[in-house]
Amino acid sequence: MISVKAIEIFKKMGRTQALKGLSMEFASGEIHGIIGPEGAGKTTFLRHLIGLLQADSGKIQYFDDKTEMEFKSLRESIAYMPQTQSLYPELSVHEHLEFFRTLYELPEMLYKDRRGKLLQMSRLAPFTDRLASQLSGGMYKKLGLICSLLSSPQVLLLDEPTNGVDPLSRRDFWDLLRELRNQEAVLILVTTSYMDEAFKCDKVHLLFDGRTLVEGTPQELLQQEGCKTFDEVFLKYDLSLESL
């Protein structure tokens, strides 16, 4: 079981201090939500987790059960779905899966089995001949997700996967993530600026202005902070930080 621990991460991007001592912990078998407004540092943090950025100070630790492991040992078991469009508009659903099959060098039988399960899970099986450019926003996101899952990753990092997606497709996407969590021992980490999506996560990590505010289950955090919604929680911390 993979777990990840970030300890006091500081990162300056140009003149902006993007991360200000960020600390968080994540474990397999749960959906972790990093919740925060735009500009909070969510994407910057994800890029540290996959090795695209190096912290100015602090460290990120990776564990297999309780044994610390080097990042290079886990690198190929991490799947990352960026916020920006990363698929090819001129390729069909089927052609995308074939492309990633080649990229991951998957054996024929393993690929067929994995492909069938993912298409069924995402409900994209009837649309394998459709071009990515002709998919709805929700279907496009699901295609990106199942392409990431073809390699059977141990860690799945999703950067704002429901941004700009209609409410019904957002619900379907979260249903897909819950089904994945129940079927596979995978660490799922989702960033989002939609406050209501905090309730869809097993563990919530609130991020604001490059800082970790609080971590825990959604209901525990609301009770702890004496708030009814996560908008109220962020407003509470916003006012307290402004007074510093």
Side-chain angles (χ1 to χ4, degrees), residues 1-11 18-36 41-82 100-101 103-107 109-111 113-114 117-118 121 145-159 161 176-192 198 200-207 210-218 220-221:
M1 300 288 282
I2 300 298
S3 59
V4 180
K5 186 175 184 180
I7 305 171
E8 292 291 315
I9 303 297
F10 284 84
K11 181 64 177 181
L19 301 179
K20 305 174 181 179
L22 182 152
S23 296
M24 293 183 180
E25 294 186 43
F26 313 100
S28 296
E30 296 177 319
I31 298 177
H32 294 266
I34 299 182
I35 316 294
K42 302 187 295 297
T43 298
T44 300
F45 179 52
L46 282 195
R47 289 175 178 170
H48 281 77
L49 292 180
I50 59 175
L52 291 179
L53 291 175
Q54 296 296 317
D56 296 331
S57 63
K59 62 180 180 179
I60 298 174
Q61 295 175 300
Y62 305 86
F63 299 89
D64 187 356
D65 290 328
K66 295 184 179 180
T67 303
E68 187 171 359
M69 60 192 302
E70 294 185 15
F71 173 71
K72 63 182 181 181
S73 301
L74 184 64
R75 184 191 301 271
E76 293 186 358
S77 298
I78 298 177
Y80 173 56
M81 182 175 162
F100 281 95
R101 168 206 174 184
L103 183 67
Y104 296 138
E105 300 181 340
L106 298 179
M109 292 305 296
L110 177 62
Y111 167 68
D113 179 66
R114 192 73 179 166
K117 289 179 180 178
L118 290 172
M121 185 187 300
L145 177 60
I146 66 172
C147 287
S148 300
L149 293 173
L150 265 183
S151 63
S152 300
Q154 293 178 279
V155 179
L156 179 62
L157 306 178
L158 308 173
D159 193 9
L176 180 56
L177 289 183
R178 281 190 288 268
E179 187 173 350
L180 175 65
R181 174 202 59 193
N182 294 336
Q183 291 185 6
E184 316 231 0
V186 58
L187 192 164
I188 303 174
L189 199 163
V190 183
T191 69
T192 179
K200 301 180 184 296
C201 304
D202 300 308
K203 293 287 179 65
V204 173
H205 313 260
L206 301 190
L207 178 60
R211 301 178 174 92
T212 307
L213 300 183
V214 285
E215 298 180 280
T217 67
E220 285 175 350
L221 292 185

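Sequence positions, counted from 1, serve as the residue numbers for this chain.
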Can Met121 and Leu176 be said to form a side chain to side chain contact (heavy atoms under 4.5 Å, CB included), step by step?
CA-CA 7 Å; Met121 185 187 300; Leu176 180 56; 3.0 Å; yes
Practice prompt. Assess whether side chain to side chain contact (heavy atoms under 4.5 Å, CB included) is satisfied between Lys203 and Thr217, documenting all intermediate values.
Written response: CA-CA 5 Å; Lys203 293 287 179 65; Thr217 67; 4.0 Å; yes
Interatomic distance, CD@Glu215 vs CD1@Ile34, rounded to 0.5 Å, equals 9.0 Å
| message | Whether the side chain of Lys42 engages the backbone of Gly36 through a donor-acceptor N/O pair (distance < 3.5 Å, no angle test) should be reported. | response | yes
- Report, as yes or no, whether the 6.0 Å neighbourhood of atom NZ on Lys20 holds more than 12 heavy atoms from other residues, nucleotides or ligands. yes
Heavy-atom closest pair (Thr44 atom, Lys11 atom, distance to 0.1 Å) is CG2-CG, 4.4 Å
In this structure, CG of Leu158 is separated from CD1 of Ile31 (nearest 0.5 Å) by 9.5 Å
Looking only at heavy atoms, the pair that brings Ile78 and Ile50 closest together is CG2-CG2, 3.8 Å
Show me the donor-acceptor pairs within less than 3.5 Å that the side chains of residues 147-155 make with the rest of the protein, sequence neighbours left out.
from, atom 1, to, atom 2, distance (Å)
Ser148, OG, Gly144, O, 3.0
Ser152, OG, Arg114, NE, 3.4
Gln154, OE1, Ser77, OG, 3.2

Ring pair (Phe, Tyr, Trp, His ring centres under 6.0 Å) pairs touching residues 45-68, sequence neighbours excluded, are Tyr62-Phe71
In short, Gly210 meets Leu207 closest at the heavy-atom pair C-CD1, 3.9 Å
Taken to the nearest 0.5 Å, the spacing of Met69 CE from Leu74 CG works out to 4.5 Å
Could you tell me whether the side chain of Ile188 reaches within less than 4.5 Å of the side chain of Asp202, counting heavy atoms only?
no
Correct closest heavy-atom pair for Leu187 and His32 would be CD2-CD2, 4.4 Å
Flag if over 12 foreign heavy atoms under 6.0 Å of CD, Gln61: yes
**Message:** Looking at Asn182 and Arg178, would you say the former's side chain and the latter's main chain have a donor-acceptor pair under 3.5 Å?
**Reply:** yes
**Asked** Can any side-chain N or O of Ser23 pair as donor or acceptor with the backbone N or O of Glu8 at less than 3.5 Å?
**Response** yes
Closest non-hydrogen atoms of Thr191 and Asp159, given as atom of the first, atom of the second and distance, are OG1-OD1, 2.7 Å
TODO: Any chance you could lay out the side chain to side chain contact (heavy atoms under 4.5 Å, CB included) test for Val4 and Leu189, step after step, and finish with the verdict?
DONE: CA-CA 11 Å; Val4 180; Leu189 199 163; over 6 Å; no
Take atom CZ in Arg47; do more than 12 heavy atoms of anything else shown fall under 6.0 Å from it?
-> no
### Query
Are there more than 12 heavy atoms of other residues, nucleotides or ligands under 6.0 Å from atom CD of Gln54?
no
For residues Phe26 and Ile2, determine if any side-chain heavy atom of one lies less than 4.5 Å from a side-chain heavy atom of the other.
no
Interatomic distance, CG@Leu22 vs CZ@Phe10, rounded to 0.5 Å, equals 9.5 Å
Does some side-chain heavy atom of Val190 sit less than 4.5 Å from a side-chain heavy atom of Lys200? no
Closest heavy-atom pair, Ser28 versus Met1, reported as atoms and distance to 0.1 Å, is CB-CE, 3.7 Å
dist Leu52:CG -> Thr43:OG1 (nearest 0.5 Å) comes out at 11.5 Å
When rounded to the nearest 0.5 Å, the distance separating NZ of Lys5 from CD of Glu25 is 4.5 Å
